[in-house]
Amino acid sequence: MEYNFRDTEKYWQKYWADNQTFRAENNSEKPKYYVLDMFPYPSGAGLHVGHPLGYIASDIYARYKRLNGFNVLHPMGYDSFGLPAEQYAIQTGQHPAITTDANIKRYREQLDKIGFSFNWDREVRTSDPSYYKWTQWIFIQLFNAWYNPAIGKAEHIDKLIQKFNSENTEHLVNGKSKKWNELNENEQSDVLMNYRIAYLGEAYVNWCPALGTVLANDEVKDGVSERGGYPVERKLMKQWSMRITAYADRLLNDLETIDWSDSIKEAQRNWIGKSEGASLEFCIQNSEDKIEVFTTRPDTVFGISFLTLAPEHELAEKITTQDKKAEVDAYIAKAKNRSERERQAEVNTVSGVFTGSYAIHPFTGAPVPVWIGDYVLAGYGTGAVMAVPAHDERDYRFASFYQLPKPQVITPDVEHDFSKSSWDEKQGTLINSSFLDGLTVKDAIKKCIDEIEKRKLGKGKINYRLRDAVFGRQRYWGEPIPVYYKNGIANAIPENQLPLHLPAVDKFLPTEEGEPPLARSEKWFWNETKQSVDTSGYPIETTTMPGWAGSSWYYLRYMDAHNHNVFASADALKYWKNVDLYIGGSEHATGHLLYVRFWTKALKDLGYLQIDEPAQKLINQGMIQGRSSLVYRIKNTNRFVSYGLKDQYETTPVHVDVNFVVNDELDTEAFKAWRDDFKTAEFQLEGGKFICGNEIEKMSKSKHNVVTPDDIVEKYGADCLRMYEMFLGPLEQSKPWNTNGIAGVSGFIRKLWKLYHSNESFNISEDEPSKAEWKTLHKTIKKVQDDIEKFSFNTSVSSFMICVNELTDLKCNKRAILEPLAIILSPYAPHIAEELWKLCGHNTSVSKAQFPQYNDAYLVEEDFEYPVSVNGKTRFKINLPLQISKEEIEKRVLAAEEMQKWTNGSNPKKVIVVPGRIVNVVI
RNA sequence: GCGCAUGUGGCGUAAUUGGUAGCCGCACCAGACUUAGGAUCUGGCGGGGAAACCCGUGGGGGUUCGAGUCCCUCCAUGCGCACCA
């Protein structure tokens, strides 16, 4: 009886769904375990074999944990707001909700075929109003919160207002200092915006004209948008933002408490970019203004040659002298107009202009020329630097170009030619530096900060590269920001009126005035009397939230997905705590994974959570690349030559659909039928075959190398797909997909089935297994258990193969062996495991069984075949009992016949005996 | 430029964590059964050599009785950051 995977898999998938086999309970005596996958954006292209890789791994782990008595939360959902559905809507007029639903349906079908043990009753969709209601609610909590540095956490904004009221604090409003109770309502609101965690602020943002929206820093790669690859410009805009910078230090420090890969942690540290130094103020000659600079090298303060301001610096135009005005204006205008990409491309070209003004050196009183240069970034530090050309490469380049002096203040311990380059190392001895002379760099930094603080010229300071995250998008398909403007003051929509539904619009495009699509709705005003959206009243915010809003807290919603009163009940939050195992791609290193940590911390500060981190352990699965097949066409003909012959002709490679190729051999008939222009194709074979070339590249439609899980499941079954995906290699490694190898796993499944069958029917024996059979089973249990716990899924697949090979050789059909085998296999190949379990006579799911305990007693050996090395090289083997002493082993090895050839009768210098391992004889 | 990974047969990989390098598969070769084989089974399969043996984990060096594994150095590939003062 051949194994019929099609019917069997269908049967068990239905059984699991009907019986809610994998339902997780919020009230359970069992210990909890939370296994989460990064939920997908449901794109129109559907899943290819790369997508389920992480889901299969997490599913194996979830099933394994269930077998070990855990109450496992293993949910799935959809990150269903996003740009592609909206771009499609713009082109077709189709509402994004419709395309999104269709895509989700397709995803669900594809996922269901693979046999995942997801808790589908907890599914979430970020675009569902019952979900985004709570995304909006969280936004309001963050809007009503500020970060109190005194207690190192966020608290309600009322506490800050109280403080302002009681202390009647001074605030800088429109350049003037005023007392809190002298401020009008608008001014107070403006002041509070400087503190709120979700705030409306003016900042330089990444504006993408092609997408018609702003982008967060992590959505911009190499000066172009990550989605679509459109150019991005810098633009000063008033935008909703998230004060993630307030959490910079905690985001950095808490990395040490979580079990994430070094590369992700390193990427986050990099992105946060903490640097310690000092701020220093410079007075300007003939001006009341002061320039504040940030430096990590206060020790080089006596080496200052000039100051440089970013072109966007607020004083850049102000301090420019009359005679320089034209030149400076032109320079600033040019610098501002350059796109992000141009700016990055020109990193090594120096450009700048002198303002004509001089600052005063805070220690020496000497005049210091003030320049403007675009090598100084407006967004970092204060947008102004003290230039020390002798000890900073960038200043050195600038000084060389404009022939400015480069005073040296450090003598390096090694030879260094200052006429060729700067000495940037934090190493050497200070010279020409007044009170710092003779100190090492390290000591001088400390001493100088002390001195700066003592003289009140500035203070020690820590700066971060991390920017606040822009939170508004000028797009339709996202969560509406629940804010309306009453006389220009931002007010949150009352929480009990949420969700604020996305309004209907006629087109998904900006208005003629350039307002976001939401402004097209005539019914987009807040009526305070009616407490609802209306055609008149106070205007509602028209930008929507970015893609990362919904994904920054979805792991919490799964805990209590249908709660109408809170985002998740306190009980559910208390029981599930945080994610124990989180699996997803490393492309979210600095985006999602920072935001979700940030929101977790903020919600904790505000008293809603007990946890500091969303996920204790994180694994990044590798990318599965495509393996493209290529055929070679002789130039200007319709004649194709086999791979081995291509160098004899002038050919152009053509991508061919990988579905026409088996073991690199092309099905020429299928190829001819593929496209009209290949109908008349001729082939030059080698050895009677037409062989294709191949290339490893990204899996994509245009390369015709996409393999879908559906096709594999159809042909080989879900269990086979699951095992083969794991068999490909270590989970975290990127590797190419090659359907060829699947025959091995497919054969394994057939062989497994045969173990339980003889004479065409199910047949297992109740006899006591032999020693060898017990050994095979227990060695496999041990190995598979170790492997799963190390997330080394590829190696357990190979242990299963070894196990089945050995049991086949032993002709084993004993129940005592085959039943436990079905259990340990069930996380990997759940369908066939269920079927075999049922055939063994059980009427409950194998997922309710217990993972068998391995017994070392079965693994004990009496003898061991010792490899004997001579001078470190293995020369022969000798079988010895394991319980004999080291001395006895040495004696018997030296007496062995094969040994004489190497010792030549003389005594060896040394003999190393590692019992149970190896013997090494040194001659 | 800085940081993080990775480098083992024709290919995907494995190696008890310092102890027999190449497990398990794919591909390939030979054989059996068969009208047939993209089915199944048996055997072979790192390179050189009749063999004895020699060489071999990106290159070079080191530590060690013993190194794919540890240390130093260089090279290559991939990813991330990048004028961050």
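By convention in this document, chain letters (A, B, ...) are assigned in the order of the sequence lines, proteins followed by strands, and residues within each chain are numbered from 1. Fair warning: this is a prediction, and the values are worked out from it, not measured in the lab.
- Between atom CD of residue E2(A) and atom CZ of residue R750(A) there is a gap of 6.5 Å, rounded to the nearest 0.5 Å.
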What string of B, S and - do you get for nucleotides 51-67 of chain B, 5' to 3', if B is base contact, S is sugar-phosphate-only contact and - is no contact with any protein heavy atom under 4.0 Å?
-SSSS---------BS-
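- Heavy-atom contacts from other residues, nucleotides or ligands closer than 6.0 Å to CD of E256(A) number 12 or fewer.
- rA50(B) shows a glycosidic angle within 90° of 0 and is accordingly assigned syn.
- Nucleotide rG78(B) holds its P atom 18 Å from the CD atom of E587(A), rounded to whole Å.
- Salt-bridge check for D787(A) with K783(A): passed, with a basic side-chain N closer than 4.0 Å to an acidic carboxylate O.
- T874(A) has a side-chain polar atom (N or O) that falls below the 4.0 Å cut-off from OP1 or OP2 of rA21(B).
- Ring planes of F800(A) and Y828(A): perpendicular class, angle over 60° (limits at 30 and 60°).
- Of the candidate nucleotides rC4(B), rG12(B), rC83(B), rC83(B) has the atom nearest to the side chain of D374(A).
- The one candidate from F401(A), F398(A), Y331(A) that meets the ring pair (Phe, Tyr, Trp, His ring centres under 6.0 Å) condition with W371(A) is F398(A).
- Which of rA5(B), rC24(B), rC83(B) sits closest to the side chain of I802(A) comes down to rC24(B).
- RNA chain B is contacted by both A267(A) and I742(A); I742(A) maps to the nucleotide lying nearer its 5′ end (nearest heavy atom per residue).
- As judged by a 4.0 angstrom heavy-atom cut-off over every strand, E732(A) is placed among residues making no nucleic acid contact.
- Remark: E393(A) CD is loosely packed, at most 12 non-hydrogen atoms of other residues, nucleotides or ligands lying under 6.0 Å away.
- Mapped onto RNA chain B by nearest heavy atom, G381(A) and I264(A) fall at different nucleotides, with I264(A) at the one closer to the 5' end.
- Separating the P atom of rA27(B) from that of rU77(B) is a span of 32 Å, rounded to the nearest Å.
- Annotated as anti: rG58(B), whose glycosidic dihedral deviates from 0 by more than 90°.
- At a threshold of 4.5 Å between non-hydrogen side-chain atoms, the residues K779(A) and Y858(A) do not count as touching.
- Looking at Y380(A) and V376(A), their side chains never come closer than 4.5 Å, going by heavy atoms from C-beta outward.
- A salt bridge between K891(A) and E887(A) is absent, with no side-chain N of the basic residue lying under 4.0 Å from a carboxylate O of the acidic one.
- A stem is defined here as three or more consecutive Watson-Crick or G-U pairs, each with both distances under 3.5 Å; for RNA chain B these stems are B:1-7 with B:75-81, B:10-12 with B:24-26, B:28-32 with B:40-44, B:46-48 with B:53-55, B:58-62 with B:70-74.
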Check against side chain to side chain donor-acceptor pair (under 3.5 Å), E806(A) and T776(A)
CA-CA 7 Å; E806(A) 286 179 4; T776(A) 294; 2.8 Å; yes
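- Under 3.5 Å, the side chain of R465(A) and the base of rC81(B) form no donor-acceptor pair of N or O atoms.
- Side-chain atoms of N694(A) and Y643(A) include no donor-acceptor pair closer than 3.5 Å.
- For the ring pair (Phe, Tyr, Trp, His ring centres under 6.0 Å) test with Y724(A), the passing option among Y716(A), W737(A), F793(A) is W737(A); the others fail.
- Anti is the classification of rU73(B), since its glycosidic angle lies more than 90° from 0.
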Protein-nucleotides 36-43 of chain B N/O pairs closer than 3.5 Å?
residue : atom : partner : partner atom : Å
rU40(B) : OP1  : R750(A) : NH2          : 2.5

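- Counting only heavy atoms from C-beta on, N794(A) has its side chain closest to rA14(B) among rA14(B), rC4(B), rC81(B).
- Phosphate proximity of rA85(B) to S275(A): present, with a side-chain N or O under 4.0 Å from OP1 or OP2.
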